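Here is the structure we will look at.
Nothing here was measured: the structure is a model prediction, and the numbers come from that model. By convention in this document, chain letters (A, B, ...) are assigned in the order of the sequence lines, proteins followed by strands, and residues within each chain are numbered from 1.
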There are 2 protein chains.
Amino acid sequence: MADRRAGAAHSGETLLFLTDEQLRQGIEAMFFAYRGFTADPDRILSDMAYGRAHHRAVHFINRAPGTTVNNLLNILGVTKQSLNRVLRTLIEDGLVESRVGKVDKRERHLFLTPDGEALEQKLSDAQRARMRMAFREAGPEAVAGFRTVLEAMMDREMRYAYTRLKDSGL
Amino acid sequence: MADRRAGAAHSGETLLFLTDEQLRQGIEAMFFAYRGFTADPDRILSDMAYGRAHHRAVHFINRAPGTTVNNLLNILGVTKQSLNRVLRTLIEDGLVESRVGKVDKRERHLFLTPDGEALEQKLSDAQRARMRMAFREAGPEAVAGFRTVLEAMMDREMRYAYTRLKDSGL
DNA sequence: CTTGGAATGTCAACAACACTGACATAAGCT
DNA sequence: AGCTTATGTCAGTGTTGTTGACATTCCAAG
């Protein structure tokens, strides 16, 4: 049973047997790694009144300044009530600015204030430091594979959002 | 700024520049991929009165039958109160059996009942199906890289738990 | 044998983050 | 004018996590 072949794939000269065991290792690796991935920002945020949701909002506003609430909603994949709670506190605390749209006045365009940028930097630095260590330790070929597999694991809409962000950022 | 070199690594003929931009792409890939990773089991669980925490408990009990509560606590990285709430409902619902230890009667050894195994199968099948698709699509070399990077991203204790599970399962 | 500590379980309170449903407002579109 | 879209808000609920306090059981060391 431990050696049941659940699938196989060809690639050049190598044969990969996708046994349940190998898939399970991938699943567990994903679980443990994600904990590490969020650990550093979580530590920083726990000192403030903020959580992971604030981090995500700040990250993507920094990534795409002037983004609308609706756009952010699609990227984050949460309800507007959930996002709004987070945005409200960030705006109240002067980390995010919400400007009424010029062409469409219903829309709110979101920007980080200097304070918001400072927080984003602090959080990103911590998360990037770990990512950098992992990338260095693993090497460039592993990094390429890492990204290939992650992309293949995304839902279609997520992959679209991801590549759109990726290409805009270049 | 977009091309600031935050680090570089050699590997054969390839040069990888760890720019902030590349690291950010890795971060976003991780974020979006994890959503896909948990999406299928979450859908199944939302119909029941269970959540992701139940999935994790059931997964690791299945992975290491007879594990103690304390051991599970270390793997999952939550408080005993949090785990206990989850375990209690699973035991009440007849999915998990808790047996008093023979050598140390303070310890409780956890096992899945047939019903518990059925749920585990259902959840694992969904999650493995996605992992299998991603692995197939990405190819064996990418899979190796994927795992290498994930391992490098774990905290030390998590890496230990991961390799222990990995080696025991072979 | 007594005492200390470890493993476990339980109760209560609370916070973060998600959800649904309902409703309000303003603005754009036909 | 009427429908739709974008946003915000209120109220309620659920899952998952936290702390703190306390009880029980049992091993092990003095």
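Rounded to a whole Å, the CG atom of D47(B) is 16 Å from the P atom of dG14(D). Here the C1' atom of nucleotide dT25(D) and the NZ atom of K80(B) are 13 Å apart, to the nearest Å. The distance between atom CG of N84(B) and atom P of dT18(D), rounded to the nearest whole Å, is 13 Å. We find that CG of L87(A) is positioned 14 Å from C1' of dT9(D), with the value rounded to whole Å. Nucleotide dT15(D) holds its P atom 8 Å from the NE2 atom of H54(B), rounded to whole Å. The CG atom of L45(B) sits 17 Å away from the P atom of dG14(D) (whole-angstrom rounding).
Judged by distance alone, with hydrogens and angles left aside, Q81(B) brings a side-chain donor or acceptor within reach of the base of dG20(D), the pair sitting under 3.5 Å.
The ring-ring contact (aromatic ring centres under 6.0 Å, His included) with F31(B) is formed by just one residue from the set Y162(A), Y34(A), F60(A); it is F60(A).
The line from CZ of R108(A) to CD1 of I91(A) is 9.5 Å long, rounded to the nearest 0.5 Å. The CG atom of L95(B) sits 8.5 Å away from the CE atom of M48(B) when rounded to the nearest 0.5 Å.
Contacts of R52(B) with the nucleic acid, taken as non-hydrogen atoms under 4.0 Å apart, involve only primed sugar atoms and P, OP1 or OP2.
Using a 3.5 Å distance cut-off with no hydrogens or angles, the side chains of Q25(B) and E21(B) do pair a donor with an acceptor.
Taking N70(A) as the reference, nothing meets the side chain to side chain donor-acceptor pair (under 3.5 Å) condition, with sequence neighbours excluded. Every residue two or more places apart in sequence or in another chain was checked for a side chain to side chain donor-acceptor pair (under 3.5 Å) with H109(A), and none qualifies. By the salt bridge (charged side-chain N to carboxylate O under 4.0 Å, His left out) test, R88(A) pairs with no residue at all, sequence neighbours left out.
Taking hydrophobic clusters as Ile, Leu, Val, Met, Phe, Trp and Tyr residues chained together by side-chain heavy-atom distances below 4.5 Å, L23(A) shares a cluster with I44(B). Put simply, V86(B) and L73(B) are part of the same group of oily side chains (I, L, V, M, F, W, Y) that touch within less than 4.5 Å, one to the next. V96(A) and V100(A) are not part of a single hydrophobic cluster, where members link through side-chain heavy atoms under 4.5 Å apart.
Salt bridge D20(A)/R128(B): present, at least one basic N to carboxylate O contact under 4.0 Å.
Contacts between residues 90-113 of chain B and DNA chain C, defined by a heavy-atom separation below 4.0 Å, involve R106(B), E107(B), R108(B), listed by number. Sorted by residue number, the members of residues 65-76 of chain B with any non-hydrogen atom under 4.0 Å from DNA chain C read T68(B), V69(B), N70(B).
Taking 4.0 Å as the cutoff to heavy atoms of chain A, we find the contact window on DNA chain C bounded by dA16(C) to dG28(C).
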